[in-house]
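Right, one structure below, let's go through it.
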Amino acid sequence: MTRPRQTSDDTRKQLSTKLRLYWKLIKSLQTGLLLATGVAGFMSARCPALDWRILLSMSGSLFLAISGSTVLNMWYDRDIDGKMPRTCRRPLPSGKVSRREALLLGLVLSVAGVGWAVALQPLYGLVVFAGLFIDVVIYTIWLKRRTAWSIVWGGISGGMPILAGRVLGIAALTGVAQIDLIGVLLSLGVLFWIPTHIMTFNMRYHDDYQTARVPTFPSAYSFQMTRVTIAASSLAAALTMGGAVFLIGTTFGYLRLLVVLSTALLLMAIYSVVRPSDRMNFGLFKYASIYMLSLMLLLILGAL
Amino acid sequence: MKKISILDRILLLIVGVLAAYKIVVGIEGFGTLTIVCYTIAFGVLMFAAFLFIIFGFDILDSKLVVIVAAAIPLILSLALIAEYLPSIRTVYMALAAVGLVALAITRYAAPDTVATVVLATVHGIAGLLIFSLPIIFAVQGKTPPGFALVGVGGGVMGIGGLSLVFLKLGKPILSRETIFTVLPGILLFMTVAFVAGLAMR
């Protein structure tokens, strides 16, 4: 009687370990933030927000597609990750998950996510596919190891979930899916926000990226030039997001909050140019995440 | 320097969310200047809470943060004056501007003692106004009784602010450890009092 029970316990333990490793492979925080942008894009259309069937289907398909692209990204970059102290303990470079297993997982998640998205609404599916394709093929495989400007393509793929959510929201509201000006502005807002998020990280782990020979803005154009770029990009993000939120027709209360959040981002970015320090740089990185999450909550709550 | 704990971060996050809530809801009925002042004051409070969460308590060593933090009572008091004592609005606005400029100049170009005395004066006057005006108005019946909570918030802010000022002067009323232990709670209590008081106006 003891042996079958022990076997069942072992299986449960193995399954739990496996799921924990897979969870690490999908970068849950990053995936969660991108998913939040998708939900915010959907809600921004002021569609029937409590249509849980569409909302859950959108969240499910986006989660699978974003997770799939992240796993494929991790699979392709396993050699780079193995060279950097920050990432060498990740499941792939540490050998806890095999290459074949990760590739299979990434493909299954991606196909399931895009397939579900296309079945839900073809144009929505196309935007989700575009995000995945740009992230995996153009950004990760083609450009990341060649040019510091690959970040632009990373940014474009990062802006796809919010655009996809908006497209599906419009389709749910009007019955006709389309890419509108607000959707483009929201997407641009995320694109312009990406440098604040990524380049601060590039500066913090500059040595790691050098070791792995990954070209970044700080290594190609100096730290100070990167800080100026971050400040300019933050301004562009604030303006485009502000434009989008204004066109959506959100109340003045939410607009006031948007102005406060954006002003704080700009002040930190400018302070980082005038008085550069590692601490300020990492503070800006953290605030950028708070900023984006707050904006998405603002869009969601503003639509209710 | 005391390390910021998970509980501190949670309390500060609630401060940030409450301040954000107040920016969005419940100040529409005021005049334009009052709305601008409340937006700036609660905006700075929200941002200050985020800065504490990100950097910890040693952010208070930054000169710029001290100036910006002192703007909270100054601008809140200006909002109260603008709304309830419009006859002295322009004079107080000028005084507030002078106070803020004096704070900025002395922080960067004067000995620490002078800078701290200016900080204590500006903080003290603004704090006293936020503490006394809502209570006086509530007692006089100009506002509903609940508005006095804004005064309670002002009183708590004054106590917290003065503790920090005396700490900077090197004559602490409470130890540095104790101040930083109670600071998130004080900030939360103060914010709840402001938000509740303004909601009951």
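In what follows, every chain begins at residue 1, and chains take the letters A, B, ... in the order their sequences are listed. When reading the values below, keep in mind they use all heavy atoms of this one structure, side chains included, and skip hydrogens, waters and symmetry mates.
Annotation: the span from A:Gln210 atom CD to A:Met84 atom CE amounts to 11.5 Å, rounded to 0.5 Å. To the nearest 0.5 Å, atom CD1 of residue B:Ile72 and atom CG of residue B:Leu187 are 8.0 Å apart.
Shown are A:Ser44, A:Pro161, A:Ser59; of these, the side-chain contact (heavy atoms from CB on, under 4.5 Å) with A:Val39 is made only by A:Ser59. Each of A:Leu185, A:Leu258, A:Ile182, A:Leu255 was scored for a side-chain contact (heavy atoms from CB on, under 4.5 Å) with A:Phe246, with one residue passing: A:Leu255.
Other residues, nucleotides and ligands contribute only 12 or fewer heavy atoms inside 6.0 Å of the CZ atom of B:Phe189. Within 6.0 Å of atom CD1 in B:Ile6, 12 or fewer heavy atoms from other residues, nucleotides or ligands are found, so the atom counts as exposed in its surroundings. Within 6.0 Å of the CG atom in A:Leu56, the count of heavy atoms belonging to other residues, nucleotides or ligands exceeds 12.
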Short donor-acceptor contacts under 3.5 Å linking chain A with chain B:
residue: A:Arg256; atom: NE; partner: B:Ile23; partner atom: O; Å: 3.1
residue: A:Arg256; atom: NH2; partner: B:Ile23; partner atom: O; Å: 3.0
residue: A:Arg256; atom: NH2; partner: B:Glu28; partner atom: OE2; Å: 3.2
residue: A:Arg279; atom: NH2; partner: B:Asp58; partner atom: OD1; Å: 3.4

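For chain A, the option among B:Val17, B:Ile40, B:Ile54 with the highest count of heavy-atom pairs below 4.5 Å is B:Ile54. Taking B:Ile27, B:Val36, B:Val25 one by one and counting their heavy-atom pairs under 4.5 Å with chain A, the maximum is reached by B:Ile27.
B:Leu51 touches chain A through its side chain: at least one heavy atom from C-beta onward sits under 4.5 Å away, while N, CA, C and O do not. Only the side chain of B:Phe47 comes within contact range of chain A, with heavy atoms under 4.5 Å apart. The contact between A:Leu257 and chain B is made by backbone and side chain atoms together, counting heavy-atom distances below 4.5 Å.
Side chain of A:Thr37 to backbone of A:Leu34: a donor-acceptor contact under 3.5 angstrom is found.
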